[in-house]
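This report refers to the structure that appears directly beneath it.
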2 protein chains.
Amino acid sequence: MFVIGERINGMFTEAKKAIEDRNKEPIQDLALRQLAAGADALDVNVGPTRGKPVENMIWLIETIQEVTDAPICVDTPKFDVMSEAVKACTNPAIINSTKASVPELDRYVPLAVETGSQLVALTLDETGVPRDVDGRVMMGATIVTKAMEHGLDMVDLYIDPVILPVNVGPKQPAAVMGAITQLKLISDPAPNFVLGLSNVSQSCKERSLLNRIYLSMCVGVGLNAAIMDAFDKDLMNAAITAEILLEKQLYCDDYIAAYLSSR
Amino acid sequence: MFVIGERINGMFTEAKKAIEDRNKEPIQDLALRQLAAGADALDVNVGPTRGKPVENMIWLIETIQEVTDAPICVDTPKFDVMSEAVKACTNPAIINSTKASVPELDRYVPLAVETGSQLVALTLDETGVPRDVDGRVMMGATIVTKAMEHGLDMVDLYIDPVILPVNVGPKQPAAVMGAITQLKLISDPAPNFVLGLSNVSQSCKERSLLNRIYLSMCVGVGLNAAIMDAFDKDLMNAAITAEILLEKQLYCDDYIAAYLSSR
């Protein structure tokens with residue numbers, strides 16, 4: 001399970017203020033605390049902050065790199081911000097994200113290959129998010145084809161089948177699971193699968209419960225990465241326990257502590 | 001999700017004493033409290049109690065039937081006890097269980113058909129529990145074939161792919177999930193799938209956590225029933241939440257309360 005901590009995001013008040021004030025300490029604290037909680041990488045998103053997105057993003061990346069070598073998951077929808085930001089990453093970055101349309105893939109996949117980055121590719125295009133399994137599988141196949149064409153290894157590709165909130169799209173959680181199941185069957189070697197997990201429970205009441213049960217179900221069908229809240233201890237315990245049950249880690253009585261101390 | 005409460009079992013001290021003392025109140029209390037907690041049916045097992053198993057079992061069934069019409073899941077490995085006990089059930093019973101060997105199926109399936117009972121069939125035979133997915137799938141296919149031959153509807157059949165403790169058989173949880181996935185693919189209509197859930201965490205430290213994450217993962221691949229501890233509120237919440245995420249129930253902010261009040 002590859003855990004990408006979601007908390008360095010200008011959508012959150014604390015991070016927004018720190019970015020705008022160029023105050024390193026809260027950002028570095030968020031980075032180190034997420035890693036201590038079990039995150040393997042750090043998502044970085046400037047969100048709706050004042051100032052130029054590219055400058056804010058590079059400041060964030062440099063600020064984080066002062067305190068950790070953990071992979072940075074550069075989260076922006078703007079290609080120009082992305083292409084500048086990945087160059088600021090001293091370790092291999094994760095490009096988050098490209099859409100599944102061919103023109104987008106034709107510039108994002110080469111960017112990943114040229115910079116030695118990994119790539120998150122969403123199963124959505126200019127028409128939006130597919131409503132069903134088949135639409136996601138077709139876009140997933142396009143992503144895999146384009147990755148192979150441009151020479152991106154499957155180990156460096158993360159397909160994100162885009163989860164929508166269960167209270168808005170009640171069929172969507174099952175459709176995402178179906179897409180992961182089918183895409184795993186049709187590609188060998190299979191790419192990785194990632195989700196922006198928290199979106200499943202957006203505006204719902206039992207957010208933490210929905211997040212951790214959905215994560216468990218998705219890991220059961222092949223999800224092996226998630227952008228998620230590493231500070232949610234129950235969620236981290238669910239992820240670690242799912243790994244034990246799939247024999248990705250071996251059971252011992254202190255398996256939770258063992259997992260965290262191996263990070 | 002069909003929840004079969006596991007607590008009326010002579011292995012537990014309270015139930016054992018009540019059976020041996022012919023004390024109805026603790027048994028009736030266990031029955032009603034499990035149903036209030038969300039159980040749909042009640043597993044009944046005399047365990048290692050003194051006295052004749054058939055008499056203990058029939059006393060238990062009659063005692064429970066004084067306070068509820070909920071289905072009784074008659075849990076005994078002895079055919080003679082089973083055939084007497086199902087006759088004592090005033091509502092359709094659940095026969096728990098038969099092995100997957102042909103001679104066993106040839107007496108248990110007709111018993112289910114003749115008495116209008118449902119049947120739990122384990123994917124194990126005189127050689128024991130299969131170590132892998134394939135062994136379980138082959139036994140599952142034998143079970144389905146025998147059920148069809150004797151005229152038992154798939155809706156009345158529960159295949160139990162037999163979960164072993166994760167600390168003893170670390171590959172077993174994934175093998176059970178693989179067996180459910182494949183058996184669902186090869187049979188149409190598919191039978192039901194059930195597990196004696198608590199066994200996955202036998203002698204483990206984080207029992208409740210392992211149980212609820214494993215339940216979530218199994219429901220994600222098609223498990224639709226479990227013999228489990230309905231008193232474990234976190235486990236019940238996991239089951240209910242998994243249902244929401246698979247659109248078996250519709251999300252509302254009070255979905256947990258709505259589920260329980262519909263029981």
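Order of the sequence lines sets the chain letters (A, B, ...), proteins ahead of strands, with each chain counted from 1. Below, each value reflects all heavy atoms present in this structure, side chains not excepted, and no hydrogens, waters or symmetry copies.
Contact count against chain A (heavy-atom pairs under 4.5 Å) is highest for B:Ala242 among B:Ala174, B:Cys218, B:Ala242, B:Ala175. Here B:Ser216 is the residue among B:Ser216, B:Gly220, B:Ser203 with the most heavy-atom pairs under 4.5 Å with chain A. Looking only at heavy-atom pairs under 4.5 Å with chain A, the residue among B:Met217, B:Arg212, B:Gln172 that has the most is B:Met217.
The neighbour count for B:Lys146 NZ, taken as heavy atoms of other residues, nucleotides or ligands under 6.0 Å away, is above 12. Within a 6.0 Å sphere centred on CZ of B:Arg131, heavy atoms belonging to other residues, nucleotides or ligands number 12 at most. Residue-environment remark: NZ (A:Lys16) exceeds the threshold of 12 foreign heavy atoms within 6.0 Å.
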Go through the steps for B:Tyr255 and A:Leu210 under the test side chain to side chain contact (heavy atoms under 4.5 Å, CB included), then give the verdict. CA-CA 11 Å; B:Tyr255 70 84; A:Leu210 285 160; 3.8 Å; yes

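Using a 4.5 Å heavy-atom cutoff, the side chains of A:Ile244 and B:Ile213 are not in contact. Residues B:Thr241 and A:Glu206 have side chains not in contact (no heavy-atom distance under 4.5 Å, counting atoms from C-beta outward). Within the 4.5 Å cutoff, the side chain of B:Leu209 has heavy atoms near those of the A:Ile256 side chain. The shortest side-chain heavy-atom distance between B:Met177 and A:Leu245 does not fall under the 4.5 Å cut-off.
In this structure, chain A has no heavy atom under 4.5 Å from any part of B:Leu215.
The heavy-atom pair separating A:Asp253 from B:Lys205 by the smallest distance is O-CD, 3.5 Å.
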